Amino acid sequence: MKLFNSLGRELQEFKSITPNEVKLYTCGPTVYDYSHIGNLRAYVFDDTLRRILTNAGYNVKHVMNITDVGHLVSDDDQGDDKLEKGALREQKTVSEVADFYIKAFENDISLLNILEPNAYKGPHGKYARATDFIDQQIEIVKLLFEKDIAYRTKQAIYFNTSKLPDYGKLTEQKLDDKEVAARAEVVSDDQKENPQDFALWFFTVERFANHSLHWNSPWGEGFPGWHLECSAIIHATLGEPIDIHTGGVDHIGTHHTNEIAQSEAAFDVKLANYWLHNEHLLVNGRKMSKSLGNYYRLQDVIDKDIEPLALRLLFLQSHYRTQTNFTWDSLEASAKFLKRIQSWSDLSFQIDSSIQKASLNDIEDALRDDLNTPLALSRLSSIISDKNNTPDHEFLVKLDAVLGLELSNRLDLSDEDKKLIVDRTRARKNQDWSESDKIRDLLLEKSIELNDSQDRTIWSRV
RNA sequence: GGCGCGAUGGCCGAGGAGUUAGGCGAGGGUCUGCAAAACCCUAAACACGAGUGCGAAUCUCGUUCGCGCCUCCA
């Protein structure tokens with residue numbers, strides 16, 4: 001199995017640390033608002049990776065975090081973070097806001113048939129919430145102080161990046177070339193020793209004085225820096241080194257770079273062997289994002305009577321490492337393609353199967369080549385187009401295992417509906433067209449579509 | 001300024017030195033009580049300029065344009 005590793009920027013043959021086991025960690029959402037479909041692309045990518053690894057024989061241990069505290073906005077001198085802002089906007093507490101959007105997130109995940117993380121079970125479920133790991137985050141800061149890598153200013157505790165020789169190995173960008181405060185609105189702390197030093201812990205003083213979520217620490221009241229949670233959660237749940245760490249490309253330069261720095265400095269172990277990053281979804285050629293306001297939610301898809309799995313299929317039709325331009329036309333195209341795949345799947349109830357099992361290998365080969373899902377779907381399409389291929393349940397189960405399109409749990413017709421089809425066939429034989437059309441309409445009301453071919457009537461659920 | 005990605009037919013997108021990507025759409029056809037679906041056929045592409053090859057959409061260089069990141073982001 002080949003994967004493109006951001007660490008080294010090359011396609012590499014995947015080798016797990018422990019035979020037949022993969023430790024997989026994913027950077028999850030910040031829950032201050034609804035996820036948009038660009039965010040969801042990342043989780044479909046993750047899910048696909050996990051399914052393919054599982055299919056290849058690995059026992060995948062998957063952990064995903066949820067950021068429910070301390071994401072700095074940085075464009076605001078008040079020092080609000082996104083969750084605090086969301087709370088203010090909705091006149092709720094930060095925890096209420098987080099709970100609400102976590103539910104919404106879990107609902108989206110479920111509609112897209114994305115598997116829940118399976119290697120962590122905490123007080124709030126299967127997603128690891130940053131606020132449930134405060135102690136562990138403080139422990140890392142302690143370790144970094146012991147190693148003389150952390151230092152404090154009036155505002156915060158920082159990680160001294162100059163103490164780590166290979167700091168920034170993921171970005172391959174020289175520190176001197178980095179533009180300081182590339183975005184004008186970035187608030188800086190003039191007590192920082194190096195511009196690229198990042199916060200491990202913020203004190204609830206000055207601009208953060210009113211931060212509503214804060215905890216006691218050996219150094220004073222405050223809240224953790226953003227990067228810390230992932231280091232702490234990985235240490236507490238999977239343990240370093242992990243096999244694969246995933247996230248969006250926007251995380252390479254900052255979040256993942258700093259995560260690596262913290263973890264590797266604190267624990268003296270490599271954090272992750274493979275770093276996989278998904279590219280962004282674009283709208284009209286621009287990145288879909290909350291701040292640009294050019295985003296759609298899964299609910300917008302549903303409101304257009306397009307089923308969520310069509311979105312999953314659309315994502316699979318492009319490679320995870322390419323920017324994809326989202327249009328409603330392309331989503332509708334995927335919805336039609338999905339319908340064709342589903343109709344073909346319904347044949348498994350109606351016609352004796354005759355599928356070339358080898359064709360599944362072609363699909364798996366494509367998937368194991370750095371998740372070439374578009375090529376895999378192209379191969380699926382040729383299977384479907386070949387009249388000699390009709391699926392059986394076993395084949396659909398295997399397809400679902402990697403693509404997650406829910407083809408294997410579609411329902412056979414009830415006996416009553418089957419009888420209706422028999423009745424209709426008899427009516428047609430007697431050229432009783434009004435009766436036959438009546439039955440066809442009746443079944444259509446139950447979302448069952450009939451297609452008359454030369455020798456028989458085929459149904460499919462729509 | 002630095003780092004990175006990209007430019008493929010009407011739209012979305014794989015591939016990648018010589019041989020069909022695929023989806024949706026368009027045109028034609030087969031089948032058919034009607035309808036729908038399915039299937040078959042067809043048209044249509046590799047940003048621009050130079051270079052290296054017997055041969056370049058595919059490699060190299062340059063140009064133009066677009067996108068992302070450089071302490072909010074998947």
Side-chain angles (χ1 to χ4, degrees), chain A residues 6 9 26-30 32 35-46 71-76 81-82 168 171-183 185-188 192 195-199 225-227 246-255 257-258 277-282 285-292 313-314 317-319 321-341 343-344 366 372-382 384-387 428 431 433 436-437 440 444 449-454 458 460:
Chain A
S6 298
R9 286 185 194 148
T26 302
C27 283
T30 305
Y32 63 98
S35 294
H36 57 65
I37 58 175
N39 300 130
L40 296 175
R41 182 191 189 195
Y43 307 121
V44 169
F45 150 63
D46 244 17
H71 231 158
L72 288 174
V73 161
S74 295
D75 57 354
D76 190 321
D81 72 28
K82 286 191 166 177
T171 83
E172 297 180 20
Q173 181 180 13
K174 287 191 213 123
L175 290 178
D176 292 348
D177 290 337
K178 278 195 167 189
E179 198 165 5
V180 176
R183 291 177 300 111
E185 65 276 15
V186 168
V187 178
S188 65
K192 275 167 69 170
Q196 65 276 10
D197 290 354
F198 56 92
W226 169 38
H227 317 299
T246 65
V249 283
D250 50 302
H251 284 331
I252 294 173
T254 305
H255 179 50
T257 289
N258 293 340
H277 293 101
N278 64 281
E279 259 296 351
H280 292 302
L281 196 64
L282 309 182
R286 300 299 304 273
K287 175 177 150 182
M288 180 177 289
S289 73
K290 301 251 169 68
S291 43
L292 289 174
L313 183 61
L314 176 69
Q317 282 182 285
S318 66
H319 191 262
R321 279 194 293 113
T322 61
Q323 295 179 337
T324 294
N325 196 34
F326 174 82
T327 65
W328 287 104
D329 280 350
S330 61
L331 180 57
E332 276 158 21
S334 295
K336 285 180 184 167
F337 184 31
L338 178 62
K339 195 182 159 217
R340 225 182 89 209
I341 300 172
S343 300
W344 180 75
N372 196 334
T373 51
L375 187 59
L377 286 169
S378 163
R379 289 174 178 174
L380 176 60
S381 178
S382 7
I384 291 175
S385 300
D386 186 339
K387 265 188 269 186
R428 291 182 70 222
Q431 305 204 340
W433 309 127
S436 110
D437 288 354
R440 184 166 65 194
L444 195 57
E449 197 173 82
L450 299 184
N451 304 307
D452 300 322
S453 67
Q454 297 97 310
I458 297 291
S460 60

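Here is how names work: the chains are called A, B, and so on, in the same order as the sequence lines, proteins then strands, and each is numbered from 1. Nothing here was measured: the structure is a model prediction, and the numbers come from that model.
Residue A:Gly38 is classed as a base contact, given a heavy-atom separation below 4.0 Å to a base. The residue A:Phe45 sits apart from the nucleic acid: no heavy atom pair falls under 4.0 Å. Among the protein residues, A:Leu281 comes within range of the nucleic acid bases, having at least one heavy atom under 4.0 Å from a base atom. Contacts of A:Leu380 with the nucleic acid, taken as non-hydrogen atoms under 4.0 Å apart, are absent. Within 4.0 Å (heavy atoms only), A:Gln323 reaches at least one base atom of the nucleic acid. Counting non-hydrogen atoms under 4.0 angstrom, A:His277 reaches nothing in the nucleic acid. No contact: A:Ile252 has no heavy atom under 4.0 Å from any strand. Residue contacts shown for A:His227 are absent, as no nucleic acid heavy atom lies under 4.0 Å away.
The side chain of A:His280 lies closest to B:rA74, out of B:rC12, B:rA74, B:rC3. Residue A:Thr254 has its side chain nearest to B:rC70 when only B:rC12, B:rC70, B:rA36 are considered.
For the pair A:Leu314 and A:Ser330, the minimum side-chain heavy-atom distance is below 4.5 Å. Looking at heavy atoms from C-beta onward, A:Glu279 lies out of side-chain contact with A:His319 at the 4.5 angstrom threshold.
Between the P atom of B:rC69 and the CG atom of A:Leu282 lies a distance of 11 Å, rounded to the nearest Å. Whole-Å rounding puts the A:Lys339 NZ to B:rA37 P distance at 6 Å. Rounding to whole angstrom units, CD1 of residue A:Ile341 and P of B:rA37 are separated by 17 Å. Rounded to a whole Å, the CG atom of A:Asp250 is 17 Å from the P atom of B:rC67. In this structure, A:Glu279 places its CD atom 13 Å from C1' of B:rG66, rounding to the nearest Å. Distance CD1 (A:Ile37) to C1' (B:rA74): 12 Å, rounded to an integer number of Å. In this structure, the CZ atom of A:Arg41 is 13 Å from the C1' atom of B:rG68, given to the nearest Å. The separation between A:Arg9 atom CZ and B:rC69 atom P is 16 Å, rounded to whole Å.
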Verdict with reasoning, A:Arg340 to A:Ile384, per side chain to side chain contact (heavy atoms under 4.5 Å, CB included): CA-CA 9 Å; A:Arg340 225 182 89 209; A:Ile384 291 175; 4.1 Å; yes

A:Leu282/A:Thr324 under side chain to side chain contact (heavy atoms under 4.5 Å, CB included): CA gap, chis, key distance, verdict: CA-CA 6 Å; A:Leu282 309 182; A:Thr324 294; over 6 Å; no

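Comparing the P positions of B:rG1 and B:rG10 gives a spacing of 35 Å, expressed to the nearest Å. One C1' atom belongs to B:rU30, the other to B:rA37, and the distance between them is 13 Å to the nearest Å. Rounded to whole Å, the separation between the C1' atoms of B:rC46 and B:rU20 comes to 15 Å. Of the C1' atoms belonging to B:rA43 and B:rC5, the separation is 33 Å, rounded to the nearest Å. Look at the P atom in both B:rC65 and B:rC48: the space between them is 16 Å, to the nearest Å. When the P atom is used for both B:rG51 and B:rU42, the distance is 37 Å, rounded to whole Å. For the P atoms, the distance linking B:rG15 with B:rA21 amounts to 14 Å, nearest Å. Taking atom P in both B:rU8 and B:rC67, the straight-line distance is 14 Å, to the nearest Å.
Here the shortest heavy-atom pairing between A:His227 and A:Phe198 reads CD2-CD1, 3.6 Å. Taking all atoms of both residues into account, the shortest heavy-atom contact from A:Thr257 to A:Gly168 is CG2-CA, 3.8 Å. Between A:Ala376 and A:Ala366, the shortest heavy-atom contact is N-CB, 3.8 Å.
For A:Lys387, no side-chain nitrogen or oxygen approaches OP1 or OP2 of B:rC40 to under 4.0 Å. Of the side-chain N and O atoms in A:Thr322, one or more sit less than 4.0 angstrom from OP1 or OP2 of B:rA14. The side chain of A:Trp226 contributes an N or O atom lying less than 4.0 Å from OP1 or OP2 of B:rC73. Close to B:rG13, at under 4.0 Å from its OP1 or OP2, lies no side-chain N or O of A:Asn325. Phosphate proximity of B:rG68 to A:Arg286: present, with a side-chain N or O under 4.0 Å from OP1 or OP2.
Between the side chain of A:Asp386 and the backbone N or O of A:Ser382 there is no donor-acceptor pair closer than 3.5 Å. In this structure, the side chain of A:Ser343 engages the main chain of A:Lys339 through a donor-acceptor pair within 3.5 Å. Checking side-chain atoms of A:Ser385 against main-chain N and O of A:Ser381 turns up a donor-acceptor pair under 3.5 Å. A distance-only check finds no donor-acceptor pair linking the side chain of A:Asn258 to the backbone of A:His255 [under 3.5 Å].
Checked by atom type, the side-chain pair A:Gln317/A:Ser334 shows a donor-acceptor distance below 3.5 Å. A donor-acceptor contact under 3.5 angstrom links the side chains of A:Thr26 and A:Thr246, judged on distance only.
Each of A:Asp197 and A:Leu450 was assigned the nucleotide of RNA chain B with the nearest heavy atom; the assignment lying further toward the 5' end belongs to A:Leu450. RNA chain B is contacted by both A:Thr324 and A:Arg321; A:Arg321 maps to the nucleotide lying nearer its 5′ end (nearest heavy atom per residue).
The OG atom of A:Ser460 lies 14.0 Å from the CH2 atom of A:Trp344; values are rounded to the nearest 0.5 Å.
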Distances for protein N/O vs nucleotides 22-26 of chain B N/O pairs under 3.5 angstrom?
{"from": "B:rG22", "atom 1": "O4'", "to": "A:Ser378", "atom 2": "OG", "distance (Å)": "3.0"}
{"from": "B:rG22", "atom 1": "O3'", "to": "A:Ser381", "atom 2": "OG", "distance (Å)": "3.0"}
{"from": "B:rG23", "atom 1": "OP1", "to": "A:Ser381", "atom 2": "OG", "distance (Å)": "3.2"}
{"from": "B:rC24", "atom 1": "OP1", "to": "A:Arg340", "atom 2": "NH1", "distance (Å)": "3.3"}
{"from": "B:rC24", "atom 1": "OP2", "to": "A:Arg340", "atom 2": "NH1", "distance (Å)": "3.2"}

Restricting both atoms to N or O, compile the protein contacts to nucleotides 29-33 of chain B shorter than 3.5 Å, with distance only.
{"from": "B:rG33", "atom 1": "O6", "to": "A:Ser436", "atom 2": "OG", "distance (Å)": "3.1"}
{"from": "B:rG33", "atom 1": "N1", "to": "A:Asp437", "atom 2": "OD1", "distance (Å)": "2.9"}
{"from": "B:rG33", "atom 1": "N2", "to": "A:Asp437", "atom 2": "OD2", "distance (Å)": "2.9"}

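Side-chain atoms of A:Asn451 and base atoms of B:rA37 include no donor and acceptor less than 3.5 Å apart.
Classified by its glycosidic torsion, B:rG53 falls in the syn category, the angle being within 90° of 0.
Under a 4.0 Å N-O distance rule, the pair A:Asp250/A:Lys287 does not qualify as a salt bridge.
Counting only Watson-Crick and G-U wobble pairs whose two distances sit under 3.5 Å, RNA chain B takes part in these stems of three or more pairs: B:1-7 with B:64-70, B:10-12 with B:22-24, B:26-30 with B:38-42, B:47-51 with B:59-63.
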